Amino acid sequence: MLGSFAVLRKQSLLGDAISHAALPGIAIAFLIIGVKDSNLFLLGALISGLIGTFWIRGITKNTHLKSDTALGLTLSLFFGFGMLLLTFIQKQPNASQAGLDTYLFGQAATLLIEDVWLIAIVAGISLLILLVFWKEFKILLFDEDYTKTLGFNTNFIDILITTFIVITIVLGLQTVGVILMSAMLLAPAAAARQWTNSLGVMVVLAAIFGAFSGVVGTGISTVVGNLSTGPVIVLVAASIVFISFIFSPKRGLLFREIRFRKNRNNIKMQKTLAFMYGIAKTHENISHPHTIKILNDFQGFSKRSLQELVDFNYVKINGQQWSMTQEGYEKAANLYDQQIKDTHE
Amino acid sequence: MEQKYAVTVDDLTVAYNYKPVLWDIDLMIPESVLMCIVGPNGAGKSTLIKAILGIIKPIAGTVSIFGKPYEKQRSLVAYVPQKGSVDWDFPTTALDVVMMGTYGSLGWIKRPGQKEKKASLEALEKVGMLPFKNRQISQLSGGQQQRIFLARALVQNAAIYFMDEPFQGVDATTEKAIINILKELRKAGKTVIVVHHDLQTVPEYFDWVTFLNVKKIATGPVKDIFNDDNLTKTYGINYKVSVQE
């Protein structure tokens, strides 16, 4: 759901950076409290995720580095630090009970009923915030400078969106883990964008796709057994993206190709008709027969387009001769005007 | 009698890195003029507008609108950004973009209602885009996108309009349509400030002009100051332009 905003901001990597940045937070939380408590881990993850995000913002604002550089830097720095802490913790005597490595790839089986409640509550709150600030989110995403001139505090809106992205990611960590979390954030949104041209529909679709991959992914991993849940969920989400890219009616590759070919054939046919019109015009009687051979010199002519013209009753064929019908003559005369009108509609 | 100024800029200086982009700009724009800002690439024309509107923070200087600080007068000012500054693949419709012009007066959280929709449709009609109101914005031509941006500013019903290269990449028909709307705005007593590139059309379109090249070279009525001397000072080469008498 919130992934839609990340995708539209062209900050897709942000999710990746945040989830990696969360890792040292989890490790430090463990080092401080010394026992496994997933709520406190999440708090640690949240804090270090937020620190990571504000670093990225700071770097892009105050230096010449592009945002992808800033994201990459922060991501590897925090992840490296997190791994360092993890190996350090593993050498400690009580490491085995910590189970910190489940945060790397996630393990939905470790979720407790309290965790599920927490996720549900936070999801509800972000939904509420999203509805309340819908207008502000939308205009900021579309045109930030303009939003500023209208008197909105763009920093505030920006921080609000980013904070909720961070919270969402941190909550997802337990399920899909640090490394795959960004796929969970982006895949549903990228898929949803293919199906709609409305921001509202896109957000709703993304939520549905996300939920669907979660449920189906968990289902598959339980049925097949011994498959870890996180990767399966991500694979399901990826399949949705793949299907969307190919089959979506408006932006999908398949339908685009079909439309493209149809258009070309159409134009070929019309060009042939126009060429015939040019010949027929020179005769007093428009249905005066001509040999098909003269058409062969015309590039773009094909047997198929001739057949189509016959089907439309624009042209009649008699042996090796063709002649234009009244209908075809009128159609050809208005062809150019018609085209212009079509493009303006 | 004291002249009433729509926009007053004092000592405005903007720098991105080390070199100043704008240096010590003093500018007084009278009410109800149609003014263009001309200057070579990198002269700081867009930056000047953005600094006046507070999008870029200046190093020094103040801006006032009708004698009061800009922050208090935002509702009197509308902005048309460069067309290329936004992602036109964003999932939304033409009408939706125009409605964004009403967000400022709505303030936080409140949603646009029937009144806002009606105003937006009227603005679309004015720029001749009403038939395209439900069109996805990525399916609009460059000229149509520019008209949508103009409609969005019209909805704001402001007293001063700032426009960043509204004629960039539009055909002759759209250019004429836009300039006619701008002239109507001026007739209605509004002040219009436009970043402009085509020097040939300056005398025909505008009645006030500012020459800018990091520093302000000159500002005043087109008929008095739009001459080879100022053009040469601004563009640094011996510039000759045929001004129609």
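Here the structure is a predicted model, which means the values were calculated and not measured. In what follows, every chain begins at residue 1, and chains take the letters A, B, ... in the order their sequences are listed.
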Legend entry - Donor-acceptor contact below 3.5 Å, side chain B:Arg74 vs main chain A:Lys148: yes

Legend entry - Enclosure of A:Trp195 CH2 (heavy-atom neighbours >12, cutoff 6.0 Å): yes

Legend entry - Proximity breakdown for B:Glu71 and chain A, heavy-atom pairs closer than 4.5 Å: neither

Legend entry - Working for side-chain contact (heavy atoms from CB on, under 4.5 Å), residues B:Asp89 and A:Arg193: CA-CA 10 Å; B:Asp89 201 29; A:Arg193 181 70 186 91; 3.7 Å; yes

Legend entry - Enclosure of A:Trp55 CH2 (heavy-atom neighbours >12, cutoff 6.0 Å): no

Legend entry - Minimum side-chain heavy-atom gap B:Val86-A:Glu144 below 4.5 Å: no

Inset, instruction - Using non-hydrogen atoms and a 4.5 Å limit, figure out which bit of B:Pro131 sits close to chain A: side chain, backbone, both or neither. - result: neither

Legend entry - Contacting region of B:Ile56 [heavy-atom separation from chain A under 4.5 Å]: neither

Legend entry - Segment of B:Phe162 engaging chain A (4.5 angstrom heavy-atom cut-off): neither

Inset, instruction - Evaluate the side-chain proximity of B:Leu53 to A:Tyr146: yes if any heavy-atom separation is below 4.5 Å, no if none is. - result: no

Legend entry - Minimum side-chain heavy-atom gap A:Leu199-B:Phe90 below 4.5 Å: yes

Legend entry - pair A:Val132-B:Trp108: side-chain heavy atoms closer than 4.5 Å: no

Inset, instruction - Would you indicate whether the side-chain heavy atoms of B:Pro91 and A:Thr196 approach each other to under 4.5 Å? - result: no

Legend entry - Segment of B:Val80 engaging chain A (4.5 angstrom heavy-atom cut-off): neither

Legend entry - Under 4.5 Å from a heavy atom of chain B, the part of A:Thr149 involved: both

Legend entry - Option in A:Leu131, A:Thr147, A:Thr154, A:Leu150 with maximal non-hydrogen atom pairs under 4.5 Å from chain B: A:Leu150

Legend entry - Interatomic distance, B:Thr92 atom OG1 to A:Leu141 atom CG [nearest 0.5 angstrom]: 11.0 Å

Inset, instruction - Determine whether more than 12 heavy atoms belonging to other residues, nucleotides or ligands lie under 6.0 Å from atom CZ of A:Arg259. - result: yes

Inset, instruction - Report yes if some heavy atom in the side chain of A:Lys135 is under 4.5 Å from a heavy atom in the side chain of B:Met100; otherwise report no. - result: no

Inset, instruction - Using a cut-off of 6.0 Å, state whether more than 12 heavy atoms not belonging to A:Phe54 lie near its atom CZ. - result: yes

Legend entry - Side-chain touch B:Ile137/A:Phe142, heavy atoms, less than 4.5 angstrom: yes

Legend entry - B:Lys117, NZ: over 12 other non-hydrogen atoms inside 6.0 angstrom: no

Legend entry - Heavy atoms of other groups near A:Arg261 CZ, more than 12 under 6.0 Å: no

